[in-house]
Amino acid sequence: MSGIRTGLKRGIVWQNWGENQVFSPAQYAEPSNEAELLAVVRRAIAEGLSVRVAGTGHSSTPLVQTGGLLLSLKHLSGVTGTDVTRRRARALAGTPISAFGDALWEAGLALSNQGDIDKQTIAGAIATGTHGSGSGLASFSAAVRYVRLIDGNGDVVEIGEDDLDVLRAAQVSLGSLGVVIEVELEVSPKYHLRETITYPHVDELISGWDVNPDAHRHFSFLWCPTDGGAELFELPTPAGRPMADRAYTKVYDLAEIREPEGIDTTEGHRADRSYRIYPDGFGRIFNELEYFVPREQGLDAFREIRELIHRKYPNETYPVEVRWVAADDAYLSQQYKRDNTVITITVTAGTDYWGYLSDVDAVLQPYNARPHWGKLHFTTRARMEQMFPELDRFIGIRKQFDPGGLFLNDHLRPLLG
Ligand SMILES: Cc1cc2nc3c(=O)[nH]c(=O)nc-3n(C[C@H](O)[C@H](O)[C@H](O)COP(=O)(O)OP(=O)(O)OC[C@H]3O[C@@H](n4cnc5c(N)ncnc54)[C@H](O)[C@@H]3O)c2cc1C
């Protein structure tokens with residue numbers, strides 16, 4: 001009965017998008033406003049329950065799992081303010097990335113970059129360092145300028161640019177500092193993009209490796225090891241063109257167009273508002289591993305992965321995605337003080353892909369590869385100590401925010417405890 005009075009539910013089974021993470025929290029709540037959220041978190045603290053928040057469940061790792069209270073902030077959603085002079089936008093934590101498009105455009109603003117989909121919540125995307133592609137463009141986390149959250153004492157805490165040390169911890173925190181209520185992002189004046197899709201052979205990509213990422217605002221590709229790969233991602237490829245060892249290559253450049261006459265929705269040549277160009281649709285579910293290697297070693301790393309797949313995993317037909325992301329200062333960011341090339345390995349959900357992924361891990365680890373926190377990885381505390389020079393600083397701040405480890409779970413405790 002008490003669960004019903006306070007809006008708490010029991011007996012919930014939570015599952016992520018990739019269907020490889022399933023668990024039942026002791027309690028589940030979808031607070032309808034900030035006051036309810038605060039009450040439910042304070043009550044969990046009083047009962048000694050651990051607390052985790054679910055975004056849209058697009059992470060493949062056990063980040064959301066908890067045996068305590070699971071929260072969904074789907075009712076704490078929406079852009080709450082824009083400032084065109086300071087190029088800022090504020091939004092509640094549960095706001096899906098897709099909801100920023102129209103709201104910011106009306107204010108003359110746009111997100112500076114976006115990833116392959118726009119379904120994730122802004123707090124979920126920030127927590128794991130979600131990014132798009134562009135050698136001059138950083139991740140969502142790098143754009144965070146303010147965070148308001150509930151800490152492990154049940155207090156509402158504001159983190160801003162007046163305390164860069166703590167802000168750098170909050171920019172990529174894996175949800176370990178507390179329950180994020182609202183964030184402020186640095187954004188861009190609104191802009192249009194023109195898309196160009198090509199299908200080069202991998203040899204062409206390799207010969208243009210150093211030039212292409214800097215020649216375009218966004219450059220990325222999906223290399224197809226076999227002919228069947230493109231179909232798995234439902235990539236629109238020219239009829240009859242074999243895709244083996246070719247790549248579906250995406251270029252987005254700034255476009256000066258007038259609306260509505262300049263808008264072009266022709267596949268492969270689209271020109272439109274930035275936020276309408278970025279997101280792709282992915283029909284079927286999959287799981288992923290994604291590692292970030294120093295940009296100057298990206299080609300060597302890609303060559304080794306291609307050789308591994310051709311030699312040992314010729315039937316792993318999902319395309320391999322390659323992107324570029326610019327350096328930032330967040331302590332647990334994959335781009336901490338370094339520009340990266342990003343290699344994404346996609347695998348079929350529900351299959352035993354661990355041998356393949358651990359071979360990929362063995363190939364990429366010597367490159368000091370950092371993991372995408374929302375995708376499968378083999379990271380240990382010992383590796384983190386090598387990969388993240390400010391790990392101790394981060395953990396110190398985490399302990400100040402959450403002395404009782406309320407926001408940790410079995411996945412995070414060994415890494416950040
Ligand atoms: C089809 C697909 C495409 C993708 N494309 C990209 C891409 O292009 N680029 C990229 O970098 N990644 C990509 N990802 C990964 C995805 O962006 C991340 O996993 C992201 O974290 C998912 O956001 P979410 O809202 O689903 O959060 P969840 O996966 O539900 O949660 C992620 C983390 O955020 C925490 N969290 C969420 N809300 C809060 C809050 N209010 N307070 C505290 N903690 C919170 C959760 O506890 C968890 O630790 C993709 C994933 C899929 C499945």
> Could you walk me through whether Trp223 and Ile309 pass the side-chain contact (heavy atoms from CB on, under 4.5 Å) check?
Replying inline: CA-CA 11 Å; Trp223 166 64; Ile309 292 174; 3.8 Å; yes
> Do you know the tightest heavy-atom contact between Ser60 and Glu288?
Replying inline: OG-N, 3.8 Å
>> Centroid separation under 6.0 Å, is that true for the rings of Phe302 and Phe221?
In response: yes
> Strictly under 6.0 Å, is that where the ring centroids of Phe388 and Tyr331 end up?
Replying inline: no
> So is Arg217 actually on top of Tyr191's ring, under 6.0 Å and inside 45° of the axis?
Replying inline: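 So Arg217 does make the cation-pi contact.
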In terms of heavy-atom contacts, does [atom1] of [X] have more than 12 from other residues, nucleotides or ligands at under 6.0 Å?
{"X": "Glu234", "atom1": "CD", "answer": "yes"}
{"X": "Glu267", "atom1": "CD", "answer": "yes"}
{"X": "Asp410", "atom1": "CG", "answer": "no"}
{"X": "Arg258", "atom1": "CZ", "answer": "no"}
{"X": "Arg90", "atom1": "CZ", "answer": "yes"}

> Among Asp210, Asp214, Asp339, whose salt bridge (charged side-chain N to carboxylate O under 4.0 Å, His left out) with Arg295 holds?
Replying inline: Asp214
> How are the rings of His377 and Trp373 set to each other: parallel, tilted or perpendicular (split at 30° and 60°)?
Replying inline: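 His377 and Trp373: perpendicular rings.
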> Under 3.5 Å, side chain of Ser173 to main-chain N/O of Gly175, donor-acceptor pair present?
Replying inline: yes
Would you say the side chains of [X] and [Y] form a donor-acceptor pair under 3.5 Å?
{"X": "Gln120", "Y": "Thr56", "value": "no"}
{"X": "Tyr353", "Y": "Asn287", "value": "yes"}
{"X": "Glu290", "Y": "Thr344", "value": "yes"}
{"X": "Thr317", "Y": "Thr226", "value": "no"}

> Are Asp245 and Arg306 within salt-bridge range, i.e. N to O under 4.0 Å?
Replying inline: yes
> Would Tyr318 and Val347 count as a side-chain contact (heavy atoms from CB on, under 4.5 Å) if you check the C-alpha gap in whole Å, the side-chain angles of each, and the deciding distance to 0.1 Å?
Replying inline: CA-CA 7 Å; Tyr318 262 105; Val347 287; 5.7 Å; no
